[in-house]
Undergrad: 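The structure is given below, and queries will be raised subsequently.
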Amino acid sequence: MDTKIIEYVIAIAEEKSLSKAAERLYLTQPALSQRLKKLEEELGTPLFTRDTDGLTITDAGRIYVNGGRSVLQIRQDALKQLTSMSRNNKKVLRFGCATSTALECVPEFRAAYPDIDLVTRRCNTTQAKEDLIMGRMDIAVLLTNSLQHTALEFLPLSEGEFLLSVPEHHPALPEAGTSELHPEALRDDYFILSPAPSFSRDVEDSALKSLGIQPRILCEINDNVSRRYMLNRGLGCGFLPDYTLRQEDTFHTFSLHPKQTFYVAAAYSRSATLSEPMKGLLKLLLNLFDKHKS
């Protein structure tokens, strides 16, 4: 059903001007005027009268506009229902990632399950847990220091350690032949931190407090790839999980005291029934993190 003419008339009624309505509709004024004239001829009655203040809608015009709005609403409602039916025909699996490494399994999953719409979302651990508990997410990969939870089931994928990361040539680095970091040189320095609230930020804040560091926050980012780039460019200090490090990195890393270890785990609701696609995704995640260990 072509509803453009209805939209045209409604725009004219709201703007009370052919020129303004044409501008709103991305049409030329002559073209819009011609369409209106043709419609009025078909209906056998004017929809607008012209006066010094512009266009005034007639009684016939009001009837047309009111009916037109009802038609547009019916059309919009029908399209929503059709879209919903289309989505329902393709099953959706909602996948949250608190670490970008987990996203590497997405192409293989989509190839193995073409009928499943895998909707991925980058998030932190706090958001992932809340979304899993509230039923807004089906599976998530997150960081946790405990594999026990009243509402969630955890499948450990890997273990990691948070490391203090300091750019090359920083005055806090140990002198040649020593391994002693100079934390006083980090005080009041710029740090790249994780957004709060999050599991990573809790670890970072605790580590900074134990080191007696009151950081200036350069920025807050979830993405470890961006954090590595900034550390390699010497833009600030920060913290990184050990599994994100690469041979080409120029910054230096140090264990925290005490060591800040954690699990990378796949999580899902205890009440969830694992479908075949969910089991397939978990298997891909296990294989993926096994490769990263070796």
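What you are looking at is a predicted structure, and each value in this text was computed from that prediction instead of being measured.
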Undergrad: Phe162 vs Leu143, test: side chain to side chain contact (heavy atoms under 4.5 Å, CB included). Steps then yes/no.
TA: CA-CA 11 Å; Phe162 276 107; Leu143 311 182; 4.0 Å; yes

Undergrad: With distance as the sole test, does Asp138 use its side chain to make a donor-acceptor pair with the main-chain N or O of Arg94 at under 3.5 Å?
TA: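 Pair found, side chain donor or acceptor close to backbone of Arg94.
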
Undergrad: Determine whether Leu286 and Leu155 satisfy the following criterion, side chain to side chain contact (heavy atoms under 4.5 Å, CB included), listing intermediate values before the conclusion.
TA: CA-CA 9 Å; Leu286 284 167; Leu155 174 66; 4.0 Å; yes

Undergrad: In plain terms, say whether Asp223 and Arg227 are close enough for a salt bridge, that is, a side-chain N and a carboxylate O under 4.0 Å apart.
TA: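 Between Arg227 and Asp223 there is no salt bridge, as every charged N stays at least 4.0 Å from the carboxylate O atoms.
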
Undergrad: Indicate yes or no: at least one non-hydrogen side-chain atom of Tyr8 is less than 4.5 angstrom from one of Leu39.
TA: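 No; the side chains remain at least 4.5 Å from each other.
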
Undergrad: Test side chain to side chain donor-acceptor pair (under 3.5 Å) on Ser17 and Ser19; report intermediate values, then the result.
TA: CA-CA 5 Å; Ser17 163; Ser19 60; 3.0 Å; yes

Undergrad: Measure from NZ or CZ of Arg216 to the centre of the six-membered ring of Tyr190 and say whether it is under 6.0 Å with the direction within 45° of the ring axis.
TA: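 Pair Arg216/Tyr190 counts as cation-pi.
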
Undergrad: Going by side-chain heavy atoms closer than 4.5 Å, which hydrophobic residues are tied to Met137, directly or by a chain of links?
TA: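 Once heavy-atom contacts under 4.5 Å are chained together, Met137 belongs with Leu132, Ile133, Leu142, Leu147, Leu152, Phe154, Tyr263.
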
Undergrad: Are the side chains of Glu40 and Thr45 in touch, meaning some heavy atoms are under 4.5 Å apart?
TA: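 A side-chain contact under 4.5 Å is absent here.
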
Undergrad: Can you tell me how far apart CG (Leu164) and CZ (Phe254) are? Round to the nearest 0.5 Å.
TA: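 That separation rounds to 7.0 Å.
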
Undergrad: State whether Asp249 and Arg246 are salt-bridged, where the test is any N-O pair (Lys NZ or Arg NE/NH1/NH2 against Asp/Glu carboxylate O) under 4.0 Å.
TA: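 A salt bridge is absent here (no side-chain N lies under 4.0 Å from a carboxylate O).
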
Undergrad: What verdict does the side chain to side chain contact (heavy atoms under 4.5 Å, CB included) test give for Phe251 and Thr253, after you've listed the backbone C-alpha separation in whole Å, the side-chain angles of each residue and the deciding distance to 0.1 Å?
TA: CA-CA 7 Å; Phe251 55 85; Thr253 58; 3.7 Å; yes

Undergrad: When rounded to the nearest 0.5 angstrom, what is the spacing between CG in Asn124 and NZ in Lys129?
TA: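 Between atom CG of Asn124 and atom NZ of Lys129 there are 10.5 Å.
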
Undergrad: Out of Leu288, Thr99, Val141, which residue meets the side chain to side chain contact (heavy atoms under 4.5 Å, CB included) rule with Leu157?
TA: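 It is Val141; the other options fail the test.
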
Undergrad: Please lay out, stage by stage, how Ser269 and Glu153 fare under the test side chain to side chain donor-acceptor pair (under 3.5 Å).
TA: CA-CA 6 Å; Ser269 172; Glu153 196 73 49; over 6 Å; no

Undergrad: State the CG-CD1 distance between Leu93 and Ile116, to the nearest 0.5 angstrom.
TA: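 The CG atom of Leu93 sits 7.0 Å away from the CD1 atom of Ile116.
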
Undergrad: Does the side chain to side chain donor-acceptor pair (under 3.5 Å) test come out yes or no for Glu204 and Ser194, once each step is laid out?
TA: CA-CA 8 Å; Glu204 293 166 356; Ser194 303; 2.9 Å; yes

Undergrad: Do Pro241 and Asn224 come close enough that some side-chain heavy atom pair is under 4.5 Å?
TA: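 They are in side-chain contact.
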
Undergrad: Looking at CG of Leu231 and CZ of Phe191, how far apart are the two atoms once the value is rounded to the nearest 0.5 Å?
TA: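 So the gap between those two atoms works out to 9.5 Å.
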
Undergrad: Distance from Ile10 atom CD1 to Leu72 atom CG, nearest 0.5 Å?
TA: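 So the CD1 of Ile10 and the CG of Leu72 are separated by 4.5 Å.
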
Undergrad: With a 4.0 Å cut-off on N to O distance, would you call Arg228 and Glu248 a salt bridge?
TA: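 Salt bridge: yes.
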
Undergrad: Should Phe262 and Leu240 be counted in the same cluster of Ile, Leu, Val, Met, Phe, Trp and Tyr side chains packed under 4.5 Å apart?
TA: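 Per the 4.5 Å side-chain linkage, Phe262 and Leu240 are not co-clustered.
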
Undergrad: Assigning hydrophobic clusters by single linkage (Ile, Leu, Val, Met, Phe, Trp, Tyr; side-chain heavy-atom cutoff under 4.5 Å), is Leu163 placed with Leu193?
TA: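 They do not share one cluster, since no chain of ILVMFWY contacts under 4.5 Å joins Leu163 to Leu193.
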
Undergrad: Would you please test Asp202 and Phe199 for side chain to side chain contact (heavy atoms under 4.5 Å, CB included) and show each step?
TA: CA-CA 5 Å; Asp202 289 344; Phe199 174 77; 5.6 Å; no

Undergrad: Atom CZ in Arg122, atom OG in Ser100: separation rounded to 0.5 Å?
TA: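 One finds 5.0 Å between CZ of Arg122 and OG of Ser100.
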
Undergrad: Nearest heavy-atom pair of Cys97 and Leu103: which atoms, and what distance?
TA: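 Smallest heavy-atom distance, with atoms named: SG-CD2, 3.5 Å.
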
Undergrad: Among residues at least two apart in sequence or on other chains, which ones pass side chain to side chain donor-acceptor pair (under 3.5 Å) with Arg69?
TA: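 Glu14.
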
Undergrad: Would you call Lys279 and Glu276 a salt bridge, taking side-chain N to carboxylate O under 4.0 Å as the test?
TA: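 Salt bridge: yes.
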
